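So the structure is just underneath, and the comments pick up after that.
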Amino acid sequence: MKKKILALVFSMVLCFSMAACGSKGKETAGEEKTSAETGKETEDKSSSGESGESDLAYVQDKGTLIVGITDFEPMDYKDASGEWIGFDADMAKAFAKSLGVEAEFVEIDWDNKVMELDAKSLDCVWNGMTLTDEVTSAMECSRAYCNNAQVAIVKADVADQYQTVESLKDLNFAVEVGSAGEKVLSELNYNYTSVKTQADALMEVAAGTSDAAVIDSLMAAAMVGEGTSYEKLTYTASFNAEEYGVGFRKGSDLAQKLNTFFSESSADGSMQETAKKYGVQAALIGDNE
C-alpha cells in the first residue's frame, strides 16, 4: 500500500514539474515574440503620443497643433501685424479649432521636414506640399486638396523667348531646396542653384543672379506680374501637374481626421469661402476628384 501511495505522490510531483516547465516555456516564447515585435511597437509609439496614445490624443493633451511651414503666399505668409495667414494657414487654424487646440506655426527648413516630424518638433507639414512618392512614403498624408504645377519664372522683357520647357534648358535656375521644383530640374539635368525658400528663388531672378526660377503655380499667380511685389517678372512654361496634401507622422490618425474635416468644410462651404479669400478657388479638389 505504501508503495502505491509513494508511486502516486511521485507521479503527481512529476506532472507538476512538467506543467511548470511547460508554463515557463510558454512565457519565454511569449517574451521572445514581444521582443521580435519591439520594432513595430516602437514605430507605433513614435507616431503617437506618450504611452501609445494616438496622435490625436497627443495633440489634444498638449493643447497645440504645431504646423511646419515656409513663407509661401498665398498659402502661408504674414500680414502687417506679423500673424500667419493664407489659405493653408487659415485652414490649419480651423482644423486645430475643430480638435479643441490652438494652431502654432513654425518656419522650417523644407529639406528637413520629415526629420522634424519624426522628432515631434512638428505635428504636421501644411504648406502647399506636393504629394510626391518621396513624401507619401515618408509621411501619413491627407487626401489631395489643391491642384498645382511647377512653372518657370523669368523677367517679363524676355518671356517671349522662353515659352516651352525645351527653350529653358540653357538657363541657370534658382529653386527651393528639397522642393518639387528642384526634383523637376534635377530630372531634366538643368543647371540650378538651391536656395532656402521659393521667395528667395524669386529674389535671385529679380536681382539678376539667376536667369530663371521654378516655383509653384499658385505662388506665381500671387507673387509675380502686375500689381505684385515682382512686377517685372512673369511665369511661362509649366513643367508638370501635381497635387497638394498635408503630411503627418507615418501611421498618424490625424490624417484621416483631416480628411473628414476637409469633407465637412467642403460641404458647408467654408473651404470654398477661404479659397476665394486668397484666390485659389479654381485649384480646389473636391472629395470625388
Side-chain angles (χ1 to χ4, degrees), residues 67-79 84-92 105-114 116 122 124-132 134-135 145-156 159 162 165 168 171-188 190-225 227-247 278-280 283:
V67 185
I69 60 172
T70 64
D71 191 339
F72 174 15
E73 188 176 351
M75 310 310 276
D76 295 297
Y77 62 103
K78 288 183 178 180
D79 63 12
W84 285 104
I85 60 171
F87 178 69
D88 280 350
D90 285 11
M91 291 299 292
F105 298 97
V106 177
E107 281 193 87
I108 62 171
D109 183 332
W110 196 244
D111 208 28
N112 295 333
K113 54 189 179 292
V114 175
E116 294 215 41
L122 311 171
C124 64
V125 178
W126 197 333
N127 191 75
M129 181 176 67
T130 301
L131 293 172
T132 62
E134 291 84 354
V135 163
Y145 65 91
C146 262
N147 288 305
N148 184 53
Q150 296 300 311
V151 296
I153 305 295
V154 297
K155 289 185 176 179
Y162 303 109
V165 171
L168 297 159
L171 300 185
N172 293 311
F173 287 85
V175 66
E176 181 183 43
V177 63
S179 68
E182 184 181 54
K183 183 174 185 291
V184 162
L185 292 177
S186 177
E187 289 174 348
L188 289 170
Y190 283 10
N191 295 321
Y192 66 87
T193 299
S194 300
V195 295
K196 187 175 181 181
T197 67
Q198 294 190 78
D200 290 336
L202 290 179
M203 286 191 284
E204 291 282 330
V205 181
T209 49
S210 292
D211 301 319
V214 175
I215 67 171
D216 291 48
S217 61
L218 288 176
M219 184 180 192
M223 293 289 288
V224 306
T228 70
S229 301
Y230 295 97
E231 291 189 332
K232 294 183 178 181
L233 303 183
T234 190
Y235 52 97
T236 59
S238 175
F239 288 88
N240 63 2
E242 57 194 36
E243 296 176 332
Y244 285 163
V246 180
Y278 296 103
V280 300

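All figures in this text were calculated on a predicted structure; none of them were measured in a lab. All heavy atoms count here, side chains included; hydrogens, waters and symmetry mates do not.
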Minimal non-hydrogen separation, [X] against [Y], with atom names:
| X | Y | result |
| --- | --- | --- |
| Gly68 | Leu122 | CA-CD2, 3.8 Å |
| Val67 | Ala92 | CG2-CB, 4.3 Å |
| Ala212 | Leu171 | CB-CD1, 4.0 Å |
| Ala201 | Val195 | N-CG2, 3.6 Å |
| Ile153 | Ala220 | CD1-CB, 3.9 Å |
| Gly225 | Thr228 | O-OG1, 2.6 Å |

Let me confirm one number: the [atom1]-[atom2] distance from [X] to [Y], rounded to the nearest 0.5 Å.
| X | Y | atom1 | atom2 | value |
| --- | --- | --- | --- | --- |
| Asn148 | Glu243 | CG | CD | 10.0 Å |
| Asp76 | Met219 | CG | CE | 10.5 Å |
| Phe87 | Phe72 | CZ | CZ | 12.0 Å |
| Gln198 | Glu176 | CD | CD | 5.0 Å |
| Leu168 | Tyr190 | CG | OH | 6.5 Å |
| Asp211 | Asn191 | CG | CG | 9.5 Å |

_Restricting to side-chain contact (heavy atoms from CB on, under 4.5 Å), what partner residues turn up for Ala222, sequence neighbours left out?_
Glu73, Pro74

*For Val177, enumerate each residue passing the side-chain contact (heavy atoms from CB on, under 4.5 Å) test, keeping only those at least two apart in sequence or located in another chain.*
Asp109, Asp111, Glu182, Ser194

*asked:* Run the side-chain contact (heavy atoms from CB on, under 4.5 Å) test on Ile85 and Asp90 for me, step by step, so that the C-alpha distance in whole Å, both residues' side-chain angles and the decisive distance to 0.1 Å come before the verdict.
replied: CA-CA 6 Å; Ile85 60 171; Asp90 285 11; 4.3 Å; yes

*Decide side-chain contact (heavy atoms from CB on, under 4.5 Å) for Trp110 and Met129; before the verdict, give the C-alpha distance in whole Å, the side-chain angles of both, and the deciding distance to 0.1 Å.*
CA-CA 10 Å; Trp110 196 244; Met129 181 176 67; 3.8 Å; yes

_Can you see whether Asn172 engages Ser210 through a side-chain donor-acceptor pair at a distance of less than 3.5 angstrom?_
no

*asked:* Would you say Tyr145 and Asp88 are linked by a side-chain donor-acceptor pair, where the criterion is simply a distance under 3.5 Å?
replied: yes

*Can you list the steps and then say if Thr197 with Asp71 is a side-chain contact (heavy atoms from CB on, under 4.5 Å)?*
CA-CA 7 Å; Thr197 67; Asp71 191 339; 5.7 Å; no

Could you list the residues that satisfy side-chain hydrogen bond (donor to acceptor under 3.5 Å, both in side chains) with [X], not counting sequence neighbours?
| X | value |
| --- | --- |
| Thr70 | Asn127 |
| Thr236 | none |
| Gln150 | Asp216, Glu242 |
| Thr209 | Glu204 |

*Do the ring planes of Phe173 and Phe239 sit parallel (below 30°), tilted (30 to 60°) or perpendicular (above 60°)?*
perpendicular

